[in-house]
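Take a look at the structure set out below.
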Amino acid sequence: MRTPRPLPVWAGRTAVLIGIVLVALNLRTAVAAISPIVADIRADIAIDSVGLGLIGALPPVAFAISGLVGGSLARRVGLERLLVLCILAMALGHVARGLAPSYGGLLAGSVVAFAGIGLANILLPPLVKRYFPDRIGLLTTVYVSMMSISTAVSASLAAPLADAAGWRWSLGVWAALAVAALVPWVAVLASNRGERMSSRNAGTASDADTSTSAAPGTDIPVAPTGRLAGPVWRSRTAWAVSAVFALSSLNAYAAFSWLPQILTDVSGVTPLEAGALLAVYGLVGLPAAILLPPLVVRARSVTPLVFAGIACFIGGYAGLLLAPTAVPLLWVVLAGAGPLLFPVAIVLINLRSRTAAGSVAMSGFVQGVGYTVGALGPLAVGLIHDATGSWTVPLLVLIATAVACIVPAIALGRVAFVEDEVERR
């Protein structure tokens, strides 16, 4: 497929650029804001380890369900309209969590927030392909970087905000950021609607008819819309990318839920220090988010990059097993570098699809499968810890998940496109 000629990133699409940045900043706030203040929440609401593990498992479960339904919803509702609904759900979920009178209320608010985040996860890669087909690597760098910043900021501010104003304020304040993300996307919707009305009045083709040649509201060429010749699960490449995404998801959400507790128990750090180290875990992904997407675009094979992520996971967990009190910061940095697999998989969603339809299908399938597996992480780690009374077996299980990803890493060394594989099968 011919790559569109790169144009200035702001050319006719400034509102979309701002909107993508603001949405990306919202995609981890609800996930990382709870675990550093669990003790504060438990002082008001009774939550046992299983209940906490369930909340930790909610993000990947919600994201997995979003992957299953996101593609069909996007086709029916439209990418931009559905994203606005997602942002509203995020804001409502934050408010509900902050006002929760009981564990049930906290759980319900989390479900709403994570549902909005999950669908937004699915929508961002196709939106990048639609509005920035000439800047896929750059825009993926931008929004994955914002996600890393979101993780670090929400994790590091959770405890100080709870100390200053209470845990309810600490959870609910992120609704303001979600509301801010609404503004550019409402502007984009208004602009697109105005252009469609102008086209009808002028007797020209509708926006849907021209979507294969230019992104709405711009003169930017886009990838052809196309359609798949069959279900995306027939593609080996889709399964390989899903496996890489699943490894990153399972380990990341296990860390978001349990890393502060692991560090407190085995490394002897204080809860405040554990929250700061969780912020470090999230922030370590920022350099990878900046550097890796352009590398993936240019690389002949992504296998070495996937191997690097696997090695980081193993090194971090091995350090916590063998020398937990020596340099806990180093072990957190290594484990936090493992999710470099996330930007690799996100870029591959667009690079291994030829059409917009392929990108939507790949995004839903990869994230659906990946987050389904990822949902097992927090719950499994909590159950294994309760059964064994230590963190040794859970850490060994996490190491085993990293080793299992070697096979799909090798498979991704061969460049293939999902549309071609589906058609051949």
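Every heavy atom of this structure was used, including side-chain atoms; hydrogens, water molecules and symmetry mates were not.
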Exercise. Can you tell me how far CG of D40 sits from CD1 of I34, rounded to the nearest 0.5 angstrom?
Worked result: 12.0 Å

For this session: Spell out, as yes or no, whether a donor-acceptor pair under 3.5 Å connects the side chain of S248 to the backbone of F245.
Result: no

For this session: Please state whether the rings of W258 and W391 are parallel, tilted or perpendicular, taking 30° and 60° as the class boundaries.
Result: tilted

Problem set entry | Polar side-chain atom of S267 near backbone of T264 as donor-acceptor pair, under 3.5 Å | no

Exercise. Quick one: is the NZ or CZ of R28 closer than 6.0 Å to the six-membered ring centre of F342, and within 45° of its axis?
Worked result: yes

Problem set entry | Passing candidate, side chain to side chain contact (heavy atoms under 4.5 Å, CB included) with N121, options I346, V23, L27 | L27

Exercise. Would you say the side-chain atoms of S150 pair up with the backbone N or O of M146, donor to acceptor, closer than 3.5 Å?
Worked result: no

For this session: Hey, could you give me the CD1/CZ distance between I406 and F307, rounded to the nearest 0.5 Å?
Result: 6.0 Å

Exercise. Rounded to the nearest 0.5 Å, what separation is found between the CE atom of M362 and the OG1 atom of T237?
Worked result: 7.0 Å

Exercise. Does any N or O in the side chain of W174 come within less than 3.5 Å of the main-chain N or O of S170, such that one atom is a donor and the other an acceptor?
Worked result: yes

For this session: Compare every heavy atom of L247 with every heavy atom of C405, then report the nearest pair and how far apart it is.
Result: CB-CD2, 3.5 Å

Exercise. CG/L182 to CG/L85 distance, rounded to the nearest 0.5 angstrom?
Worked result: 9.5 Å

Seminar exercise, completed: CG (D44) and CZ (R168) are apart, to the nearest 0.5 Å, by 6.0 Å

Exercise. Hey, what do you get for CD1 (I87) to CG (L119), rounding to the nearest 0.5 Å?
Worked result: 11.5 Å

For this session: Mark yes or no for whether S242, through its side chain, and G370, through its backbone, hold a donor-acceptor pair below 3.5 Å.
Result: no

